[in-house]
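Below, chain A is the first sequence line, B the second, and so on; all start at residue 1.
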Amino acid sequence: MQLNANIPDGPIAGKWDDHKAHVKLVNPANKRKFKVLVVGTGLAGASAAATLAELGYDVHVLTFHDSPRRAHSIAAQGGINAAKNYQNDGDSIYRLFYDTVKGGDFRAREANVYRLAQVSVNIIDQCVAQGVPFAREYGGLLDNRSFGGAQVSRTFYAAGQTGQQLLIGAYQALMRMVGAGKAKLWAREEMLDLVLVDGHAKGVISRNLVTGAITRHAADAVLLCTGGYGNVFFLSTNAKNSNVTATYRAYKKGAAFGNPCYTQIHPTCIPVSGDHQSKLTLMSESLRNDGRIWVPKTKGDTRKPSEIPENERDYYLERKYPSFGNLSPRDIASRAAKQVCDEGRGVGPGGLGVYLDFADAIKRLGANVVKQRYGNLFEMYERITGENPYEVPMRIYPAVHYTMGGLWVDYNLMSNIPGLHVLGEANFSDHGANRLGASALMQGLADGYFVIPYTLGHYFASFPKMNITTDHPEFVKAEEEVKGKLNRLLNIKGKRSVLSFHRELGKIMWDYCGMARTKEGLEKALELIPKLREEFWQNVTIPGSGEELNQNLEHAGRVADFLEFAELMCYDAHHRNESCGGHFREEYQTEDGEALRNDEEYSYVAAWEYTGVGNKPILHKENLEFNEVKLAVRSYK
Amino acid sequence: MKLKLHIWRQKNAATSGKMTSYEMDNVSPDMSFLEMLDVLNEKIIERGEEPVAFEHDCREGICGSCGMMINGMAHGPEKLTTTCQLHMRKFNDGDEITIEPWRAEAFPVIKDLVVDRSSFDRIIASGGYVNVNTGGVPDANAIPIGKKVADYAFNAAACIGCGACVAACPNASAMLFTSAKISHLGSLPQGQVERMDRVINMVSTMDNEGFGGCTNHLECEAACPKGISAEYIAQMNRDMMKATFTVR
Ligand SMILES: Cc1cc2nc3c(=O)[nH]c(=O)nc-3n(C[C@H](O)[C@H](O)[C@H](O)COP(=O)(O)OP(=O)(O)OC[C@H]3O[C@@H](n4cnc5c(N)ncnc54)[C@H](O)[C@@H]3O)c2cc1C
Ligand code: FES
């Protein structure tokens with residue numbers, strides 16, 4: 001397997017402009033002859049599909065949702081970063097770049113991150129031109145807030161619904177192209193396999209979720225914009241239907257999977273309330289602008305929060321990280337919460353919670369201002385917990401939120417399979433071992449609006465056009481495989497529901513590959529997962545048939561992939577003998593419990609190659625070079 | 001809690017459906033409505049029968065996937081709340097709950113509680129956007145927009161496209177949905193250029209999709225989980241009047 005990151009030469013600040021000036025182009029009249037399949041309509045997919053259609057490519061878009069507007073991106077709350085420096089508080093492209101590389105615990109590719117910071121400013125311009133109603137100040141200019149891991153205010157937002165507004169903007173841009181006949185939308189259509197011809201990605205096989213019809217799609221290039229895989233843990237803040245199938249099946253066809261073990265545990269989510277729990281709800285990081293996090297100083301203190309006097313409270317983030325305080329990055333804040341709960345100082349049922357308290361903010365700003373800033377989040381909290389956060393502090397606990405890992409891509413966002421491009425959360429590229437808040441929206445839209453429109457043409461112009469049709473033997477074979485797998489699932493007719501397997505897998509992953517990992521724990525998981533997978537293939541039950549809407553069949557296919565993918569995550573976590581960002585190995589920590597990196601041995605991207613179900617995958621390395629940012633111990637103290 | 005559920009079961013668009021009853025016990029008040037249905041479905045699967053199909057994704061009240069008539073009310077009894085955010089503590093031990101899909105000609109039933117809402121996408125495709133390509137746009141702060149206007153636009157843009165407005169309306173009208181988009185874009189400077197064309201195109205698509213007219217019942221506003229105001233309908237009607245009389 002060849003991994004060439006294709007990073008352009010020259011000084012970092014000029015790389016992207018220089019690259020754009022030299023990439024090969026497809027002439028405007030020829031673009032319509034190139035068919036591009038975009039899988040996914042989140043921020044990455046919708047923005048890419050709309051932009052490529054505007055350029056004249058023949059764009060086909062697939063989503064398993066009933067409408068592109070439902071993609072998981074819709075749920076993003078807090079905001080999107082951009083180095084606009086509108087607040088005149090010292091922000092710049094370099095500083096956003098620096099914060100992101102440092103935030104990612106020095107495990108991201110510098111050149112990609114720099115480009116991300118550069119195009120961040122264009123994203124805001126584009127969204128405003130589309131009519132995205134960002135929050136504004138009284139003078140009519142755009143407002144900003146702060147997010148974790150930054151000391152400037154560079155986050156643009158639309159109340160607590162930033163993802164919704166950005167996605168609706170991209171969705172409208174896409175529907176404009178659909179209405180104009182320049183893009184074709186395949187809704188309720190799930191991609192179930194990638195088709196390779198002579199080593200190039202030339203199409204996909206999909207299943208219509210209403211009729212069960214299987215379709216072969218041939219194209220000149222495939223873009224996977226299929227989101228993250230946090231639901232391997234069953235409980236996460238991700239939308240229920242988010243899954244790994246598209247990227248995992250591409251991996252099985254030879255695409256390298258980068259850093260699968262890098263998962264982000266978000267510090268502020270509503271704690272689990274019972275066995276029926278189906279998902280976890282995020283309370284936006286933006287709350288940490290004004291909310292203060294604390295637990296009682298003494299173990300087992302069961303008094304009501306209002307009865308615990310100030311001097312008996314431990315505002316542990318402010319204490320441990322005075323310069324970032326409550327706005328410490330996510331991995332650090334999550335671990336700190338776990339620590340105090342492990343010490344027996346957690347609050348609420350089961351002791352798995354910490355307080356996020358707005359009493360001071362309400363005193364300082366008044367309830368009205370607090371309501372204006374966070375009203376919808378407070379309401380959501382109350383709906384779910386039945387408690388009023390204006391009166392009692394919120395209870396929060398860390399939960400799986402985002403996956404930094406994903407398919408390996410080069411600077412052009414192309415995987416090691418020529419023609420297969422990967423955008424948004426589905427790729428591994430920009431966030432290293434930990435993503436800063438408000439940077440996923442930025443990356444998804446950067447990839448879709450401003451990177452792929454330049455780099456895709458380069459692929460087309462670099463290789464002869466293959467003009468594959470769907471009667472090619474590779475399509476026939478892939479379709480047979482897909483149908484065979486569906487039939488196999490339907491014919492097991494065992495005793496256990498898909499959901500029960502998913503829950504059990506999630507528990508294994510949370511216990512052994514979650515917030516804190518150990519060598520022994522990961523080995524245990526590597527024992528348990530294949531057993532569970534075996535049981536799944538013998539004992540799962542899926543009522544109904546494949547020729548109709550069958551939500552259990554959809555879920556079963558996804559869980560089957562999670563049951564293989566989980567092993568890959570554990571292999572990756574097991575091999576990385578260091579702690580970095582979201583990957584915390586208990587064996588590797590400093591005296592005061594901070595992550596202990598090992599730059600000498602692990603300053604690389606782990607890109608894994610598939611070798612068969614249950615077999616250990618092959619490790620390939622892309623060494624990371626840090627020329628701009630000096631490798632240093634990450635400190636938020 | 002113990003509950004008795006009456007749920008609409010329909011195999012597919014071609015067959016007719018009927019209500020089926022199910023008993024539930026041990027429902028925790030902390031469960032969400034959909035988690036209660038998850039538990040029911042697990043029991044149905046255990047019996048070897050087909051579980052109830054319903055749509056959901058974010059379970060946070062923002063994607064607009066979920067939606068069902070609960071005791072005759074779109075998204076159930078709690079104001080400003082989607083089905084996925086409704087919790088069982090809003091019900092009482094011993095309650096009987098009727099659960100049906102959205103009913104509207106323009107939203108044909110696909111299976112059980114799942115309906116086809118792609119007509120909404122076609123309304124957007126006919127004009128619910130600003131006609132700009134990617135790139136070459138002015139700096140984001142080049143046009144100041146007063147906070148009031150920005151908030152007005154934002155409140156309209158908060159629509160999640162769930163279709164509760166249509167389901168609640170005796171005429172199955174999509175006026176609230178359509179007017180929210182028209183008002184969002186029409187109130188902003190970016191949306192002025194095509195304001196008149198937009199309203200004509202979107203309203204005519206809405207009519208062609210088989211949605212009914214508005215006769216001011218305001219059930220839509222009451223059912224909307226995002227509190228979208230029916231004032232936007234009046235705004236759309238004013239724009240429509242103007243557009244019809246403007247030489248284009
Ligand atoms: C609750 C929450 C809040 C967040 N808040 C923020 C925030 O404030 N700021 C920030 O920057 N980030 C935030 N994030 C992260 C961010 O929202 C996501 O990382 C980002 O939106 C992912 O976008 P995407 O386009 O890559 O994928 P997604 O939005 O997940 O879209 C995936 C798309 O792929 C489609 N798809 C997937 N598989 C298939 C298949 N096999 N066949 C067909 N279609 C398929 C889906 O239908 C969907 O359209 C938040 C995340 C969560 C969970
Ligand atoms: S599931 Fe997304 S709004 Fe209810």
Applying a strict 4.5 Å limit to non-hydrogen atoms, the region of K495(A) in contact with chain B is neither
Honestly, the part of A129(A) sitting under 4.5 Å from a heavy atom of chain B is both
Chain A shares the most heavy-atom pairs under 4.5 Å, among E49(B), E55(B), H56(B), with E55(B)
Turns out that what part of H87(B) lies under 4.5 Å from chain A's heavy atoms comes down to side chain
Cut-off 4.5 Å, heavy atoms of chain A, and the answer for K90(B) is neither
Applying a strict 4.5 Å limit to non-hydrogen atoms, the region of A13(B) in contact with chain A is neither
Side chains of S497(A) and E46(B), donor plus acceptor under 3.5 Å = no
Applying a strict 4.5 Å limit to non-hydrogen atoms, the region of V115(B) in contact with chain A is backbone
Highest number of heavy-atom pairs under 4.5 Å with chain A among A53(B), S126(B), S32(B), G136(B) belongs to A53(B)
If one checks every heavy atom of I143(B) against chain A at 4.5 Å, the contacting part turns out to be backbone
If you tally heavy-atom pairs under 4.5 Å between each of G139(A), G386(A), A187(A), A173(A) and chain B, the highest tally belongs to G386(A)
Under 4.5 Å to a heavy atom of chain A? For V114(B) that would be side chain
Turns out that what part of L280(A) lies under 4.5 Å from chain B's heavy atoms comes down to backbone
Has the side chain of K111(B) got a donor or acceptor atom that lies under 3.5 Å from a matching backbone atom of L549(A)? yes
Among P29(B), G61(B), A125(B), the residue with the most heavy-atom pairs under 4.5 Å to chain A is A125(B)
When you measure from the side chain of Y138(A) to the backbone N and O of K148(B), does any donor-acceptor pair fall under 3.5 Å?
no
Handout entry: Evaluation steps, side chain to side chain contact (heavy atoms under 4.5 Å, CB included), between F154(B) and Q161(A)
Key = CA-CA 10 Å; F154(B) 174 81; Q161(A) 284 144 261; 3.7 Å; yes
Under 4.5 Å to a heavy atom of chain B? For F156(A) that would be neither
Okay, E42(B) and chain A: the region with an atom under 4.5 Å from a heavy atom over there is side chain
Rounded to the nearest 0.5 Å, the CG atom of N241(A) sits from the OG atom of S65(B) at a distance of 7.5 Å
Most contact-rich option vs chain A, by heavy-atom pairs under 4.5 angstrom, among V130(B), L185(B), N131(B), is N131(B)
Residues pairing under ring pair (Phe, Tyr, Trp, His ring centres under 6.0 Å) where one sits in residues 124-150 of chain B, two or more places apart or in two chains, turn out to be none
Go through the steps to decide whether M175(A) and R122(B) satisfy the test side chain to side chain contact (heavy atoms under 4.5 Å, CB included), and finish with yes or no.
CA-CA 8 Å; M175(A) 292 317 288; R122(B) 289 187 290 274; over 6 Å; no
query: Is the backbone N or O of P144(B) less than 3.5 Å from a side-chain atom of R136(A), with the two atoms forming a donor-acceptor pair by type?
result: no
Okay, R188(A) and chain B: the region with an atom under 4.5 Å from a heavy atom over there is side chain
(request) Decide side chain to side chain contact (heavy atoms under 4.5 Å, CB included) for I45(B) and T541(A); before the verdict, give the C-alpha distance in whole Å, the side-chain angles of both, and the deciding distance to 0.1 Å. (result) CA-CA 8 Å; I45(B) 293 171; T541(A) 178; 3.7 Å; yes
Whatever's closer than 4.5 Å to a heavy atom in chain B on S47(A) counts as neither
In terms of heavy-atom pairs under 4.5 Å with chain A, the winner among A142(B), A157(B), A150(B), G146(B) is A157(B)
query: When you look at CG of N26(B), are more than 12 heavy atoms from neighbouring residues, nucleotides or ligands closer to it than 6.0 Å?
result: no
Rounding to 0.5 Å, atoms OG1 (T51(A)) and CG (N133(B)) come to a distance of 8.5 Å
The interface call for D151(B) against chain A, heavy-atom contacts under 4.5 Å, is neither
Cationic N near anionic O, under 4.0 Å, E60(B) to K240(A)
no
The interface call for I124(A) against chain B, heavy-atom contacts under 4.5 Å, is both
All heavy atoms of L188(B) vs all of G131(A), minimum pair found to be CD1-O, 3.4 Å
Cut-off 4.5 Å, heavy atoms of chain B, and the answer for D66(A) is both
Atom OH of Y454(A) with >12 non-hydrogen neighbours under 6.0 angstrom: no
Do we see a donor-acceptor contact under 3.5 Å between the side chains of S278(A) and R59(B)? yes
Whatever's closer than 4.5 Å to a heavy atom in chain B on D143(A) counts as neither
Applying a strict 4.5 Å limit to non-hydrogen atoms, the region of Q77(A) in contact with chain B is side chain
Of the listed K279(A), Q164(A), R70(A), the one with the largest count of heavy-atom pairs under 4.5 Å with chain B is R70(A)
With chain A, the option among P51(B), S118(B), G191(B), A153(B) that has the most non-hydrogen atom pairs under 4.5 Å is P51(B)
Donor-acceptor check, side chain of H184(B) to backbone of P133(A), threshold 3.5 angstrom: yes or no? no
Output for pair (N41(B) CG, Q551(A) CD), nearest 0.5 Å, gives 8.0 Å
Separation between NE2 (H276(A)) and CG (L34(B)), nearest 0.5 Å, reads 12.0 Å
One should read off an interatomic distance between D125(A) CG and T134(B) OG1, to the nearest 0.5 angstrom, of 12.0 Å
When rounded to the nearest 0.5 Å, the distance separating CG of L167(A) from SG of C63(B) is 10.5 Å
Worksheet entry | K43(B) atom NZ, over 12 foreign heavy atoms within 6.0 Å | yes
The interface call for I145(B) against chain A, heavy-atom contacts under 4.5 Å, is both
> With a cut-off of 6.0 Å (strictly less than), are more than 12 heavy atoms of other residues, nucleotides or ligands near CD of E387(A)?
Replying inline: yes
Side-chain (Q172(A)) to main-chain (I124(B)) donor-acceptor, under 3.5 angstrom
no
**Message:** Surrounding CG of D275(A) (heavy atoms of other residues, nucleotides or ligands, distance under 6.0 Å), is the total greater than 12?
**Reply:** no
Taking every heavy atom of D139(B) against every heavy atom of K84(A), the minimum-distance pair comes out as OD1-NZ, 3.0 Å
Start with the C-alpha distance between V137(B) and Q130(A), add both sets of side-chain angles, then the distance that settles side chain to side chain contact (heavy atoms under 4.5 Å, CB included), and finish with yes or no. CA-CA 10 Å; V137(B) 299; Q130(A) 292 169 344; over 6 Å; no
side-chain contact (heavy atoms from CB on, under 4.5 Å) filter on K11(B), not counting sequence neighbours, yields E548(A), T15(B), E50(B)
**Prompt:** Is there a donor in the side chain of D57(B) and an acceptor in the side chain of H72(A), or the other way round, less than 3.5 Å apart?
**Reply:** no
